[in-house]
Amino acid sequence: MSRPTVDPYIAVDKYHAPQAQRAGRRFHVMAKPAGSACNLDCTYCFYLGKQTLPGGPGGGHMDDEVLERFVRDYIAGVTGDEVVFSWQGGEPTLMGLDFFRKVVALQKRHARAGQRIENDLQTNGTLLDEDWARFLGEHRFLVGLSIDGPRDIHDRCRVTRRGAPTFDAVVAAARLLRRFGVRFNTLTCVNRFNASRPLDVYRYLRRELGSTYLQFIPIVEIRGFETIAPQTWDAARLPVVGSPEARPGHPDSVVTDWSVDADEYGYFLSKVWDEWLARDVGKVLVNFCETLVAQHMGLPSQICVHSEVCGKGVAIEHDGSVYACDHYVYPEYRLGDIRERSLGDMVFSPAQVKFGYAKSETLPAYCRQCEFLTDCWGECPKNRLLRTPDGEPGLNYLCPGLKRFFAHAVPAAEKLAARLRAV
């Protein structure tokens with residue numbers, strides 16, 4: 001969603017959050033009330049398989065006991081002036097409107113004086129109707145609408161269980177949200193099939209759909225991701241950057257066929273940056289553009305993948321299980337159960353704090369010596385699927401593309417940041 005959710009841990013001893021500083025602690029929880037259940041079967045979905053993951057959360061829906069414990073504990077655990085509930089999936093609207101009416105009622109019951117409660121809902125949009133739109137508008141939900149570009153691009157991967165296209169339903173959802181005054185962002189997955197058409201994607205979202213906050217996320221999944229947890233793979237078998245196996249489409253590729261090609265990802269980012277810089281600065285928010293400028297203004301990254309550390313954004317599954325991150329919903333990264341342990345204790349546990357700092361502490365020398373280190377910070381650890389030219393493991397799969405983008409955009413980002421600082 002659009003709100004930045006990850007900030008550095010507050011700690012003197014970085015592996016143990018001191019009790020005296022808990023008064024100011026903040027963290028973020030991504031809730032999966034329907035688990036991995038979804039009415040679509042998107043080609044590149046990384047979450048559908050959680051239902052059958054050995055030792056994973058399995059299938060099911062969040063019951064009333066887990067829901068109330070989650071709402072009460074989350075509000076109590078975040079001691080800042082705002083608590084943001086992010087409802088994702090799978091497809092969260094499968095829970096039905098009555099579930100979210102309970103959510104709002106519970107939030108009102110447990111909210112503390114002076115504390116704002118906000119809700120985000122990430123959805124494929126296909127189940128939204130007037131009742132949904134009216135409810136979302138009335139309760140000020142911020143909606144993330146998943147759409148990958150114009151019709152031919154979107155329908156390439158985002159299809160129903162029967163293989164039917166979904167573009168028309170998503171566009172109808174956008175119109176409905178606009179009619180009822182519901183704030184919405186667009187979330188676009190950059191994959192092997194749309195990365196070569198950045199301007200077609202951007203201009204459609206901006207000019208035809210009318211989106212004013214665009215989020216782009218790269219699709220990168222290691223082969224066997226259904227059961228292989230990040231960082232549990234055999235590092236010695238990871239390919240070296242620049243080798244044929246480090247690109248999608250090769251029979252021995254480290255990634256799935258639908259994963260974005262790293263070089264094309266850099267091309268995509270660069271072209272969208274140029275279009276945004278030329279036409280839309282100050283009018284349209286683009287997640288990676290905004291965060292690059294913010295970083296060159298001396299501000300924290302607005303997105304977790306380009307933050308120095310992570311770990312403050314956890315995921316809760318339908319059964320109450322809490323995991324280190326929604327990309328780490330594997331038994332190896334399960335922190336506990338909301339029915340047995342508080343969210344705050346799990347987020348600030350030594351294991352989770354260590355997980356968060358490992359993002360920067362495990363960077364290879366190749367990254368530490370890179371001129372773009374403080375722009376990138378190694379991107380997301382779950383994408384560190386390559387070895388450096390000298391064979392050290394832990395290099396991000398997207399590295400060549402990110403370098404291409406930063407080399408292209410940083411000079412202009414510095415100039416724009418300087419102008420904004422002077423205002």
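Please read all numbers here as calculations on a predicted model, not as lab measurements.
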Sequence neighbours excluded - salt bridge (charged side-chain N to carboxylate O under 4.0 Å, His left out) pairs with any residue from [range]:
{"range": "residues 187-206", "result": "D152-R197, R197-D200, R203-E275, R206-D280"}
{"range": "residues 30-43", "result": "K32-D326"}
{"range": "residues 246-256", "result": "R247-D261"}
{"range": "residues 159-168", "result": "R151-D168"}

Contacts of type salt bridge (Lys or Arg N to Asp or Glu O under 4.0 Å), residue [X], not counting sequence neighbours:
{"X": "K359", "result": "none"}
{"X": "E68", "result": "R109"}
{"X": "D257", "result": "R223"}
{"X": "E317", "result": "none"}

The side chain to side chain donor-acceptor pair (under 3.5 Å) partners of T188 (sequence neighbours excluded) come to none
Can you name the side chain to side chain contact (heavy atoms under 4.5 Å, CB included) partners of T123, sequence neighbours left out? E91, T93, L128, V143, L145
Backbone of Q352 reached by a side-chain donor or acceptor of S349 within 3.5 Å: yes
Would a distance-only check, ignoring hydrogens and angles, find a side-chain to backbone donor-acceptor pair under 3.5 Å from K415 to P411? no
Step-by-step side chain to side chain contact (heavy atoms under 4.5 Å, CB included) determination, F355 to Y328: CA-CA 11 Å; F355 169 85; Y328 284 74; 3.7 Å; yes
In short, ring pair (Phe, Tyr, Trp, His ring centres under 6.0 Å) pairs touching residues 45-75 with sequence neighbours left out are F27-Y74, F46-H327, F70-Y74, F70-F85, F70-W87, Y74-F85
Listed once per pair and sorted, the ring pair (Phe, Tyr, Trp, His ring centres under 6.0 Å) pairs that draw on residues 214-235, sequence neighbours left out: F216-F268
Can you tell me if S321 and R334 form a side-chain donor-acceptor pair at under 3.5 Å? yes
May I ask you to establish whether K50 and Y330 are in a cation-pi arrangement, using a distance under 6.0 Å from NZ or CZ to the six-membered ring centre and at most 45° from the ring axis? yes
What I'd like to find out is whether the side chain of V255 reaches to under 4.5 Å of the side chain of I222, using heavy atoms alone. no
Would you say H306 and W377 make side-chain contact, with heavy atoms under 4.5 Å? no
